Undergrad: 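After the structure tokens below, expect a handful of questions from me.
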Number of protein chains: 2
Amino acid sequence: MAETENSIAIPQDFESLKTIILERKAQLPKRLRQVAAYALDNPDEIAFGTAASIATSADVQPSTLVRFAQHFGFEGFSSLQQIFRARLRERTPGYDERLKALSGNDHSKLESGSIFNGFVAAAHRSLDNIASSVEPEAFERAVNILAAAETIYLVAKRRSYPISGYMAYAFGKLKVKYQMVGTAAGVDDDILAMAGPKDAAFAVSFSPYASESVNQAKLLANRKVPVVSLTDSAFSPLAESSKVWFELVEADHAGFRSLSASMAFAMALTVAVAEKRRRNGEDHSME
Amino acid sequence: MAETENSIAIPQDFESLKTIILERKAQLPKRLRQVAAYALDNPDEIAFGTAASIATSADVQPSTLVRFAQHFGFEGFSSLQQIFRARLRERTPGYDERLKALSGNDHSKLESGSIFNGFVAAAHRSLDNIASSVEPEAFERAVNILAAAETIYLVAKRRSYPISGYMAYAFGKLKVKYQMVGTAAGVDDDILAMAGPKDAAFAVSFSPYASESVNQAKLLANRKVPVVSLTDSAFSPLAESSKVWFELVEADHAGFRSLSASMAFAMALTVAVAEKRRRNGEDHSME
DNA sequence: GCCTTTATGAAACATAAATTCCGTCATTTC
DNA sequence: GAAATGACGGAATTTATGTTTCATAAAGGC
């Protein structure tokens, strides 16, 4: 039987394997394509896992993994796995190189490279700051407030809007009731009128502060709705209306700021709230 | 059975394991010391090899490896091996201090702290990857394409939406003509109908891919509109329609991903495009 | 519409692995 | 110098892993 009459050679390194997989991707059967996608997206899993564990993660049968390997000329799954392991071995991270890679990498040779480097570096700096500027106790309190809320109102405009947008997406997936404020014009007041002390709000506003956000936060605070806020200055007008507030200064590159740290913060808060709710009791979590 | 009455805790990461081994090295029996030396000299072997193969290499019996592991409080050899594997997985940072600051800071004491730490760490990892996964040449090409465009169409749904949202905000401030696709339902086709070869599009889609985004990218490509895309898998259907595409895998914490690296990337691209336009000529930049 | 081919899932099999157990040896202590 | 304690090597045991096989399902061709 000429099972593996390889007109083409068996890939010996990860890069060529990746290339071949991408080339043949279209012609692959459904399950094999599924494995291919999983393999390229989670190479580390392939390297360390067992056939059984990988099969579970990728949602296929172990035999499919073997077939996949054989499809590309390997004797069995194990020999394919070697490629993935070699990749980790050789790519000895050499962490120093990694840092060097940032300051001295190919990017800087090209025109736009320094801009790219600048933003990555700025994001790193932002994240360095975040651990020190966010107090654990405050974070805990914020989580408690939001976890106890019936509905979480998300207040954000302009530059902050993507943050609440992402939180909304995540809350939706996590089955946490939320309400975005400030999407369509005009109806905001009606939405806010429904908020009460049993709810809570999360407001984000960076300088220059959108006056609507500030006003809406005030309005909510007056209605005894506990407000948690994220801002970039202790002088932010948001702080007055907030039970808990966080000051998070994003590092900038050439005056422009990305939202890297804010996104990490937002996601942490979102998941922490969901987690807290889950723990607090399955009794009334799904109403 | 008080075999392992650990007055001290079992090491959970490679660094602390290394420290403990070095501390106790002097008091170790001969063979165990032999294993200790081998382990620290050939960590990769420990990570990938089997107990039998390692034993042969280190010139000891397999049972000695088990004894060694138990000596340090592990249940068996396998659990010790996990430490060595984790080291390779998590590209143990050359940023030692940074991570140590993370795992050892006040946050870990509190309930939600580990979630917070997890997301900050994940964001760091994402940014570590970004420099290596984004090719400078590709970035340059993407900048050129978008800088040359009359109008930049931003295509993104769901999880990717905040990215294009932020780019829209920044483009607005930078006076770069753009058009968001997919905000209000229904009018998308009309908007896309205006796009032509002189324009360009930037599409973002992460798994699971929103079919509208994919279709719209295809549509644009068919209309000879150059498409630049950002995705998280080489398998993304977006890739086919794109002139340039970037694969950017956000590291996850407990299965949830933030958008930290994507945000840095988006901002870098946005500013680079604006900068390029500014340089290309003040003549027609302000029309 | 039927038949052939190919893909897929589930379980069985054989193998290789990790771990445990026990006998032997060396070193120390009384 | 004898007994005891601990280390070590090697084999036995048990676990679990990769692979193969077979039956079924889906797809494609005539």
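Here the structure is a predicted model, which is why all the values come from computation and not from measurement. Below, all heavy atoms of this structure are taken into account, side chains as well, without hydrogens, waters or symmetry copies.
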Undergrad: Is a donor on one side and an acceptor on the other found under 3.5 Å between the side chain of B:Arg257 and the backbone of B:Glu250?
TA: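 Side chain of B:Arg257 to backbone of B:Glu250, a donor-acceptor pair under 3.5 Å: yes, one is there.
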
Undergrad: Quick check: B:Phe48 with B:Phe84 (ring centres under 6.0 Å apart)?
TA: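 When the ring centroids of B:Phe84 and B:Phe48 are compared, they turn out to be at least 6.0 Å apart.
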
Undergrad: Rounded to 10°, tell me the angle between the two end axes of the helix from C:dG1-D:dC30 to C:dC30-D:dG1, each built from five pairs.
TA: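 Result, rounded to 10 degrees: 10°.
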
Undergrad: Please identify each residue that fulfils side-chain hydrogen bond (donor to acceptor under 3.5 Å, both in side chains) with A:Glu75, with sequence neighbours left out.
TA: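 So A:Glu75 forms no side-chain hydrogen bond (donor to acceptor under 3.5 Å, both in side chains) with any residue.
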
Undergrad: Run the numbers on B:Arg33 and B:Arg24 for side-chain contact (heavy atoms from CB on, under 4.5 Å), then give the verdict.
TA: CA-CA 9 Å; B:Arg33 198 181 322 165; B:Arg24 294 215 224 153; over 6 Å; no

Undergrad: Test side-chain contact (heavy atoms from CB on, under 4.5 Å) on B:Val227 and B:Lys243 and set out the steps.
TA: CA-CA 6 Å; B:Val227 177; B:Lys243 282 216 165 180; 6.0 Å; no

Undergrad: Expressed in angstrom and rounded to an integer, what is the separation of B:Leu32 atom CG from D:dG9 atom C1'?
TA: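 B:Leu32 atom CG is separated from D:dG9 atom C1' by 14 Å.
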
Undergrad: Please check if any side-chain donor atom of A:Arg67 sits under 3.5 Å from a side-chain acceptor atom of A:Gln70, or the reverse.
TA: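 Looking only at side-chain atoms, A:Gln70 and A:Arg67 do not form any donor-acceptor pair under 3.5 Å.
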
Undergrad: Please evaluate residues B:Val204 and B:Phe265 with respect to the criterion side-chain contact (heavy atoms from CB on, under 4.5 Å), reporting the C-alpha separation (whole Å), side-chain torsions for both, the decisive distance (0.1 Å), and the verdict.
TA: CA-CA 12 Å; B:Val204 194; B:Phe265 177 88; over 6 Å; no

Undergrad: State yes or no: are the ring centers of B:Tyr161 and A:Tyr169 separated by less than 6.0 Å?
TA: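 Centroid separation for B:Tyr161 and A:Tyr169: 6.0 Å or greater.
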
Undergrad: Could you work out, with side-chain contact (heavy atoms from CB on, under 4.5 Å) as the rule, every residue matching A:Ala268, not counting sequence neighbours?
TA: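 With neighbours one apart ignored, the set is A:Phe139, B:Phe116, B:Phe119.
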
Undergrad: According to ring pair (Phe, Tyr, Trp, His ring centres under 6.0 Å), who are the partners of B:Phe68, at least two apart in sequence or on a separate chain?
TA: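 Expected list: B:Phe72.
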
Undergrad: To the nearest Å, give me how far apart NE2 (B:His71) and P (D:dG6) are.
TA: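 Checked: the NE2 to P distance equals 12 Å.
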
Undergrad: Between which nucleotides of DNA chain C, read 5' to 3', does contact with chain A run, using atoms under 4.0 Å from its heavy atoms?
TA: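 Contact span on the strand: C:dA7 to C:dA10.
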
Undergrad: Reading nucleotides 16-24 of chain D 5' to 3', which nucleotides get B (base under 4.0 Å from a protein heavy atom), which S (sugar-phosphate only), which -?
TA: -SSBB----

